[in-house]
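See below for the structure under consideration.
Naming: A, B, ... by sequence-line order, numbering from 1 per chain.
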Number of protein chains: 2
Amino acid sequence: MPFMLDEFLPYRLNVAATLISRRFAALHQEETGISIPEWRVMAHLANEGQVSIRDIHARVNLDKSIVSRAAARLEQAGHLRKSGHMQDRRLISLELTPKGQDLMQRLGEIADAFQARLHAELGPDAERFETMLEQLIAGAARDRDTAA
Amino acid sequence: MPFMLDEFLPYRLNVAATLISRRFAALHQEETGISIPEWRVMAHLANEGQVSIRDIHARVNLDKSIVSRAAARLEQAGHLRKSGHMQDRRLISLELTPKGQDLMQRLGEIADAFQARLHAELGPDAERFETMLEQLIAGAARDRDTAA
DNA sequence: AAAGAGCGGTTGCGGTTGCAACGGGAATAA
DNA sequence: TTATTCCCGTTGCAACCGCAACCGCTCTTT
């Protein structure tokens, strides 16, 4: 029996992820001009208030260089403000500006609406699906730790 | 209630997909030196025999330029052969070489083993999970078509 | 106190991606 | 036939990614 690419889980996951990301981007990209890394940084800042690059890197699965550059672009656009940490001068405090908070509010609405739509498409087992995604992520983390 | 990135489906999907892809790459990359686009091209060729670039592009969710470059690398490495189509001279026939078939056989084994492991980690509902992934993909395709 | 190791953020660089433009070939229309 | 339109694969280009090197700062060790 030949190998079937369409039944290969990593392949399907990847296709689903890129398609869904594209869909989401189409919903807000033109209005907001925000890229995916920038989106993650902002969403994290909206929850956490003052945060350093390292925190975001550890939390949202982005290389620290990517976080750094995303933060630079967001600062350039006036969405966030950088300031030095007073105890540890290596650290940088990132914080949303009012403008950034407004944008994040708008993005949150779009995201919530999209999420609702996806749940509708998935039907009643959407919760179950998310749980299993979580399992996959946890499994991958475990795998990486045991490999090291 | 603030927006929670971790509960946002596109985010989770993306994280899961990249982690799983990385895991899979770690299993074969060193041995085979094959990238993800190359892997998709080869897997498709293994099933379909003679195929053009356009077919692969339409089938495995890769831009035609990416398919073109992946094919060039694979040809360079001796894994596939290009030949002109005789009816339509715009088309190109791609076909695995014996060496490419051997490699694909090996990759298939690794992929099957990995797939089995993922299913084990997911438990009895793995099938259900895949079905829902399929739903997401189909939904995205539908969305794109209606948008156009 | 001084040296060394370790950490946080930035930057440089090679490779990849995605899009648009191109050139050759085929198909349709007049 | 000729001309126009469309299609296929390649290539140019700008942006992005991931990794590693680096610099300044902090902590530990002696």
Side-chain angles (χ1 to χ4, degrees), chain A residues 14-15 17-19 21-26 29-30 33-41 44-45 50-77 80-95 144 148, chain B residues 14-15 17-19 21-26 29-30 33-41 44-45 50-77 80-95 144 148:
Chain A
N14 213 313
V15 171
T18 60
L19 289 181
S21 283
R22 237 182 256 274
R23 258 180 102 177
F24 180 53
Q29 180 82 303
E30 194 171 358
I34 290 293
S35 74
I36 288 185
E38 289 159 12
W39 153 252
R40 290 193 193 175
V41 168
H44 190 61
L45 282 182
Q50 287 216 350
V51 159
S52 71
I53 298 238
R54 147 192 79 167
D55 294 327
I56 303 181
H57 155 64
R59 196 67 182 53
V60 301
N61 215 62
L62 288 177
D63 189 84
K64 57 181 183 169
S65 68
I66 296 180
V67 177
S68 172
R69 291 192 262 242
R73 284 192 299 265
L74 288 173
E75 184 187 30
Q76 186 69 24
L80 65 78
R81 207 163 42 79
K82 291 184 182 182
S83 57
H85 196 283
M86 41 225 69
Q87 275 85 13
D88 189 335
R89 277 189 303 179
R90 293 172 299 180
L91 296 176
I92 283 193
S93 276
L94 303 179
E95 196 181 9
R144 182 171 39 173
Chain B
N14 212 314
V15 172
T18 60
L19 289 181
S21 284
R22 236 182 257 273
R23 259 180 101 178
F24 180 54
Q29 181 81 301
E30 195 170 357
I34 291 291
S35 74
I36 288 186
E38 288 158 13
W39 153 252
R40 291 194 193 175
V41 168
H44 190 61
L45 283 182
Q50 289 215 350
V51 160
S52 71
I53 298 237
R54 148 193 79 166
D55 294 327
I56 303 180
H57 155 63
R59 196 67 183 53
V60 301
N61 216 64
L62 289 176
D63 189 85
K64 57 181 183 170
S65 68
I66 296 181
V67 177
S68 172
R69 291 192 260 243
R73 284 193 298 265
L74 288 172
E75 183 187 30
Q76 186 68 24
L80 66 78
R81 208 163 42 79
K82 291 183 182 182
S83 55
H85 196 283
M86 39 224 72
Q87 274 85 12
D88 189 336
R89 279 189 301 180
R90 292 172 298 182
L91 297 177
I92 284 195
S93 275
L94 303 179
E95 196 181 9
R144 182 170 39 174

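Counting to the nearest Å, the C1' atom of dT10(D) and the CD atom of Glu75(B) are 13 Å from each other. Distance Leu62(B) CG to dC8(D) P: 17 Å, rounded to the nearest Å. As a whole-Å value, the separation of Ile53(A) CD1 from dT11(C) C1' is 13 Å. Rounded to whole angstrom, the span from the CD1 atom of Ile92(B) across to the C1' atom of dC7(D) amounts to 14 Å. Rounded to whole Å, the distance from CZ on Arg89(B) to C1' on dA27(C) is 14 Å. Rounded to an integer number of Å, the gap from His85(A) NE2 to dG8(C) C1' is 12 Å. Protein atom CD1 of Ile36(B) is 11 Å distant from nucleotide atom P of dG18(D), rounded to whole Å. As a whole-Å value, the separation of Leu74(A) CG from dT10(C) P is 12 Å.
Side chains of Asn61(A) and Leu19(B) form a contact here, defined as non-hydrogen atoms less than 4.5 Å apart. Between Ile66(A) and Arg40(A) the shortest side-chain heavy-atom distance does not fall below 4.5 Å. Within the 4.5 Å cutoff, no side-chain heavy atoms of Val51(A) are placed close to those of Val41(A).
The side chain of Asp88(B) sits closest to dA26(C) out of dT10(C), dC19(D), dA26(C). The listed nucleotides are dG6(C), dA26(C), dT10(C); the one nearest the side chain of Arg90(A) is dG6(C). Looking at the side chain of Leu91(A), the nearest of the listed nucleotides dG9(D), dT26(D), dG9(C) is dG9(C). When each of dT10(D), dG18(D), dC8(D) is scored by its nearest atom to the side-chain atoms of Arg54(B), the top-ranked nucleotide is dC8(D).
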*What's the verdict on side chain to side chain contact (heavy atoms under 4.5 Å, CB included) for Leu94(B) and Ile53(B), showing C-alpha distance, side-chain angles and the deciding distance?*
CA-CA 7 Å; Leu94(B) 303 179; Ile53(B) 298 237; 4.2 Å; yes

*Do His44(A) and Leu62(A) pass the side chain to side chain contact (heavy atoms under 4.5 Å, CB included) test, and can you show the C-alpha distance, the side-chain angles, and the key distance before you say yes or no?*
CA-CA 12 Å; His44(A) 190 61; Leu62(A) 288 177; over 6 Å; no

*Could you go through the side chain to side chain contact (heavy atoms under 4.5 Å, CB included) check for Val15(B) and Val60(A) one step at a time?*
CA-CA 8 Å; Val15(B) 172; Val60(A) 301; over 6 Å; no

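Rounding to the nearest 0.5 angstrom, the gap separating the CG atom in Leu80(B) from the OG atom in Ser93(B) is 11.5 Å.
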*Could you encode protein contacts along nucleotides 11-16 of chain D as a string, one character per nucleotide from 5' to 3', using B for base contact, S for sugar-phosphate-only contact and - for no contact, with a heavy-atom cut-off of under 4.0 Å?*
BBB---

